[in-house]
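Before I ask anything, let me first share the structure, which is written out below as structure tokens.
Computed from heavy atoms alone, side chains included, the values below leave out hydrogens, waters and symmetry copies. Each ligand, and each atom within it, is numbered from 1 in the order the structure gives.
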Amino acid sequence: MQVAKTIAEIRAWVRRTRAAGKTVGFVPTMGALHVGHVSLVQAAAAQCDCVVVSIFVNPTQFGPGEDFEKYPRPLEKDLALCEQNGVDAVFAPSSSEMYPRENLTWVTVQKVSEPLCGRFRPGHFRGVATVCAKLFNIVGADRAFFGQKDAQQVAVIQRMVADLNMPLEIVVCPTVREPDGLAVSSRNQYLSPQERREATVICRSLQRSAELIRTGEKDAARITDQMREVLGQVSAFQVEYVSIVDAASLEDLPRVQGRVLIAVAGRLGSTRLIDNIVVDAATK
Ligand code: PAF
């Protein structure tokens, strides 16, 4: 497995790979890799000849007071996991390699970045879109793989790629869950044992919404009221939002119709957790 620390090294590796006629799948990450990332690597390996993983804790997507400093950075463990899972190359740049000078060029995806997490993390999606645009330009992959867990990130990146005619395909992979339903996330390791048990309330609220829709409920406010009731069973969980929106535009929907994203975010102690499901109301 090639480990590239510089842009020149990863570009040279990808150039050689492409010259050999191979397609390149790309999995951008911030490290602290878990089974969710492994599922993205597996999807990339199934759809492409070679897999590149980037590991970079991107400072521009963290707001003041967020967990940039304490974000886990177990690089050796991450590299071993990549190697075990057949990754062909890892791009693990330093901050100064990615941002060598004051950054004056930013990618802002309007509207799609604004609701949901955008209201609670100002500037976050500008940082995500900008670093993804840079990584896409650096790696030059055929396809990039993202997890549905970060639904708004997916919507922002898909819109950026479409609007800016970026020459790659975005592949969205299902959320990986723990046996008790909690969506796998690098941030789950911040939870105390009690918080870890309580965190399942989020997926239980999403399951309630799916049940309601299955039995014919279409009114978004009635569904979110029921979800809030479930979330209220854990008094420590501080809800940021419970929303039912169009899965592509992320616009609020008063009634459930088409491809609908049902999304929850909130805090347990100092840990911010998000989760979502997508329901196709045309078929359900
Ligand atoms: O999902 C993540 O880990 C990050 O937001 C990403 C896409 C690697 C950009 O820094």
Side-chain angles (χ1 to χ4, degrees), residues 4 7 10 25-41 43-44 51-63 66-75 77-79 81-82 87 89-99 103 105-109 112-113 116-118 120-139 141 143-161 164 166 168-176 183-190 263 265 271-276:
I7 294 167
I10 194 67
F26 176 42
V27 180
T29 82
M30 298 205 300
L33 301 179
H34 51 58
V35 289
H37 296 113
V38 171
S39 78
L40 300 179
V41 167
V51 180
V52 177
V53 169
S54 66
I55 297 177
F56 178 61
V57 184
N58 172 39
T60 66
Q61 69 189 75
F62 289 81
E66 289 191 352
D67 56 346
F68 175 66
E69 272 84 27
K70 83 163 184 184
Y71 200 85
R73 291 168 170 82
L75 184 61
K77 211 166 136 220
D78 286 344
L79 292 177
L81 197 71
C82 286
V87 170
V90 172
F91 176 47
S94 63
S95 274
S96 57
E97 181 71 7
M98 287 298 283
Y99 296 105
N103 204 63
T105 308
W106 298 96
V107 180
T108 301
V109 180
V112 183
S113 297
L116 309 176
C117 293
F120 296 88
R121 304 188 69 187
H124 170 67
F125 290 112
R126 183 182 87 147
V128 169
T130 302
V131 83
C132 285
K134 286 166 73 72
L135 289 167
F136 293 169
N137 281 336
I138 291 165
V139 175
R143 298 193 177 98
F145 295 77
F146 289 84
Q148 175 59 35
K149 153 98 180 1
D150 299 312
Q152 190 168 12
Q153 169 167 283
V154 164
V156 165
I157 298 300
Q158 282 175 325
R159 190 59 189 246
M160 171 184 82
V161 165
L164 297 182
M166 293 184 170
L168 83 168
E169 186 191 333
I170 301 301
V171 182
V172 186
C173 300
T175 302
V176 176
V184 170
S185 162
S186 306
R187 290 189 169 101
N188 292 350
Q189 58 187 277
Y190 299 152
T271 308
R272 186 170 188 276
L273 297 171
I274 58 172
D275 198 357
N276 69 84

Does the side chain of Tyr71 come under 3.5 Å of the side chain of Asn58 through a donor N or O and an acceptor N or O? no
Using a strict 4.0 Å cut-off to heavy atoms of Phe146, name the atoms of ligand 1 that fall inside it. 7 (C)
Can you list the ligand 1 atoms lying under 4.0 Å from a non-hydrogen atom of Val131? 9 (C), 10 (O)
Find out whether the Lys NZ or Arg CZ of Lys134 is both under 6.0 angstrom from the six-membered ring centre of Phe56 and within 45° of the ring's axis. no
Nitrogen or oxygen atoms of Gln153 and ligand 1 under 3.5 Å apart: yes
Check ligand 1 against Thr29 and write out every atom of the ligand that is under 4.0 Å from a heavy-atom position of the residue. 8 (C)
Counting only heavy atoms closer than 4.0 Å, does ligand 1 sit against the backbone of Leu135, its side chain, both, or neither? neither
How about CZ on Arg159, more than 12 heavy atoms from neighbouring residues, nucleotides or ligands closer than 6.0 Å, or not? no
Check whether Phe136 forms a cation-pi arrangement with Arg143 (NZ or CZ under 6.0 Å from the six-membered ring centre, at most 45° off the ring normal). no
Geometric N/O contact Gln61 with ligand 1, under 3.5 angstrom: yes
Partner of Val154 by side chain to side chain contact (heavy atoms under 4.5 Å, CB included), out of Val112, Asn276, Val172, Val171: Val172
